[in-house]
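Report on the structure given below.
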Amino acid sequence: MNPDRVRLIAYLAAVLAVSIIHQPLWLALGLGLTLLAGGREAGSILRRAIRAVLLFNLLISLSYLVMAWLHAVSPWQMLLRLNLRVLLLTSLTFLFIARVNLFRALDFSRNLTYVLGLAYSQSLTFRRAHDDFRLALASRSLRRPGLRDRYRASAAAISWFIEKSLHAANQSAQALRSRGFFHD
Amino acid sequence: MHIPDGFLSPQTYLPAYAAAVGLWAYAARRVKRDLDADTLPFLAAYTALSFVLMMVALPLPGGATVHAAGIGLLAVCFGGWMSFLAMSLVLAMQALLFGDGGVTALPINTLAMGFFGSFAAAAAWKVLGRINENVALFLAGWLSIVVPAILIALALGIQPRIASDAQGAPQFFPLGLSVTLPAIVLPHLLVGLAEGMLSILGYRYLKRLREKLTP
């Protein structure tokens, strides 16, 4: 079995373990081990994980604080457990992304690898194009764009993405056909 | 709309994985039946399209923005199973390549948005498409948002009941159905309106484009 698939299985096992452990101390230990495994990237993994969970967790934690206060129960154990678990799972995912080549881990299925490869590369292209559209609207507007302008910008972006998708699909189909992908 | 990692108990996500894996296998077999040089790249292209549609902000009056999902449009144009597979790939990519969503939330997100969202939209289109195309498209878009929102609110809201410790403190998502249903479903009733409009405009545009591309 290739090392990426072993790491994928280890990651899935770790995720399952994290969701059946409820002691904050063990979850904190798990977070420490995950960051240790991150090595030099530990700081960046933790920063990205905190940025990814901060808003949602803050909202849920504050809502639960209010609810616990209304019901006169202590919220701290629960909040510590929840936030540690979410942070640990998110850090594990960022560690997985940094260390594992998902395409190699899933190479047991040729079709799955091709679809994932094509979809991922197109998604990256589209994400860059989406950022360009957003920056273009901002740079060409002296003031904050109005509702109408933003609708028109979103509509133009969506139509561009639809058109680009169809062209990309046609091009990939021709490329696969010309290379005999379905006749190997 | 989709749930982040760490808020669902194994009692929820493990059975959901069992259901999702069965549906993925069946969907893959169905799509594979017609698998040719066109299907594979089109599936990848629709996946990338749904991925980017989720990034496009649709402005609402008052300065707020919502994000399209494109589930209704995909389901109407390419059928429920193709839309389900494309959405599953998007959510898997977001969870495992971009770190957004998470592996414990993946099956519930996939079932709610990919399966039930797609098939609710496809059903609306099938039932009403011949009677009034615009109404059918709008309803397809609206349902593709509202049905998953209800299911996600249910999945989160049942957590305190099914996963609490001996003292009764929740071990995962801590807020019950009385909070999750209004907090998640009500805003999505409005988000669905934007998605409904997107389905109408996107469908018309796609139809024109296909006619142009077909020799």
Side-chain angles (χ1 to χ4, degrees), chain A residues 11-12 15-16 18-20 22 48 52-53 56 60 63-64 67 73 77-78 81-82 85-86 88-90 93-94 96-97 102 111 114-120 122-123 125-127 129-130 147 150-151 154-155 157-159 161-163 165-166 168-174 176-177 181-182, chain B residues 4-10 13-14 28 32 35-38 40-49 51-53 55-61 65 68 86 89-90 92-93 95-100 102-104 165 168-175 179 183 198 201-202 205-206 209-210 213:
Chain A
Y11 163 70
L12 294 176
V15 165
L16 184 64
V18 170
S19 55
I20 53 177
H22 304 304
R48 285 175 72 193
V53 305
F56 195 77
I60 300 304
S63 309
Y64 185 69
M67 209 179 76
V73 290
Q77 169 92 353
M78 190 275 150
R81 177 167 57 209
L82 180 79
R85 194 197 317 272
V86 171
L88 171 53
L89 283 172
T90 313
T93 303
F94 283 123
F96 171 80
I97 292 169
L102 187 66
N111 287 338
Y114 268 85
V115 171
L116 200 63
L118 284 173
Y120 181 57
Q122 280 175 29
S123 298
T125 311
F126 281 2
R127 193 162 72 160
H130 172 262
L147 192 64
R150 286 188 294 147
Y151 266 123
S154 293
I158 289 171
S159 61
F161 286 124
I162 291 176
E163 195 164 336
S165 301
L166 281 184
N170 279 327
Q171 276 181 349
S172 304
Q174 281 172 13
L176 287 177
R177 219 180 276 127
F181 181 81
F182 289 90
Chain B
D5 233 349
F7 288 100
L8 295 175
S9 57
Y13 74 74
L14 290 178
K32 206 171 179 177
L35 191 68
D36 54 21
D38 290 330
L40 208 60
F42 269 81
L43 177 60
Y46 303 148
T47 304
L49 181 62
F51 173 81
V52 79
L53 282 179
M55 295 176 76
V56 175
L58 297 174
L60 288 180
T65 56
L89 272 170
V90 171
M93 254 174 26
L96 293 169
L97 292 167
F98 297 103
D100 181 17
V103 78
T104 62
D165 63 18
Q171 286 171 326
F172 293 87
F173 191 81
L175 308 169
V179 177
L198 174 75
L201 298 173
Y205 184 75
L206 203 58
L209 197 65
R210 273 178 154 178
L213 284 174

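Scope of the values below: all heavy atoms of this structure, side chains included, with no hydrogens, waters or symmetry mates. Letters A, B, ... mirror the listed sequences (proteins, then strands); counts begin at 1.
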### Task
Check whether B/Ala92 gets within reach of chain A through its side chain, its backbone, both or neither, counting any heavy atom under 4.5 Å.
neither

### Query
Counting heavy-atom pairs under 4.5 Å to chain B, which of A/Thr93, A/Ile60, A/Ile20, A/Val73 comes out on top?
A/Ile60

### Task
Output the option from B/Ala48, B/Gly168, B/Pro10, B/Ala95 having the highest count of non-hydrogen pairs under 4.5 Å with chain A.
B/Ala48

### Task
Could you tell me which non-hydrogen atom of A/Arg85 sits nearest to which non-hydrogen atom of B/Gln171, and how far apart they are?
NH2-O, 2.9 Å

### Query
Hey, do the aromatic rings of A/Tyr120 and B/Phe98 have their centres closer than 6.0 Å?
yes

### Task
Any chance you could measure B/Tyr13, atom OH, to A/Leu16, atom CG, to the nearest 0.5 Å?
4.5 Å

### Query
Highest number of heavy-atom pairs under 4.5 Å with chain A: which of B/Pro174, B/Gly6, B/Ala169, B/Ala28?
B/Pro174

### Query
Shortest non-hydrogen contact from B/Pro170 to A/Met78?
O-CG, 3.2 Å

### Message
So for A/Phe94, is it side chain, backbone, both, or neither that comes closer than 4.5 Å to the heavy atoms of chain B?
### Response
side chain

### Query
Do A/Gln122 and B/Phe51 pass the side-chain contact (heavy atoms from CB on, under 4.5 Å) test, and can you show the C-alpha distance, the side-chain angles, and the key distance before you say yes or no?
CA-CA 10 Å; A/Gln122 280 175 29; B/Phe51 173 81; over 6 Å; no

### Distance (rounded to the nearest 0.5 Å) between A/Arg81 CZ and B/Asp165 CG
5.0 Å

### Task
Measure the acute angle between the ring planes of B/Phe173 and A/Phe56, then classify it against the limits of 30° and 60° as parallel, tilted or perpendicular.
tilted

#### Entry: Most chain A-contacting option - heavy-atom pairs closer than 4.5 Å, from B/Leu175, B/Leu89, B/Leu201
B/Leu175

### Query
If you look at every heavy atom in A/Phe96 and B/Leu96, which pair is closest and at what distance?
CE2-CD2, 3.7 Å

### Query
Of the backbone (N, CA, C, O) and the side chain (C-beta and beyond), which part of A/Ile162 lies under 4.5 Å from a heavy atom of chain B, both, or neither?
both

#### Entry: Winner by heavy-atom pair count (cut-off under 4.5 Å) against chain A, out of B/Thr104, B/Val103, B/Leu97
B/Leu97

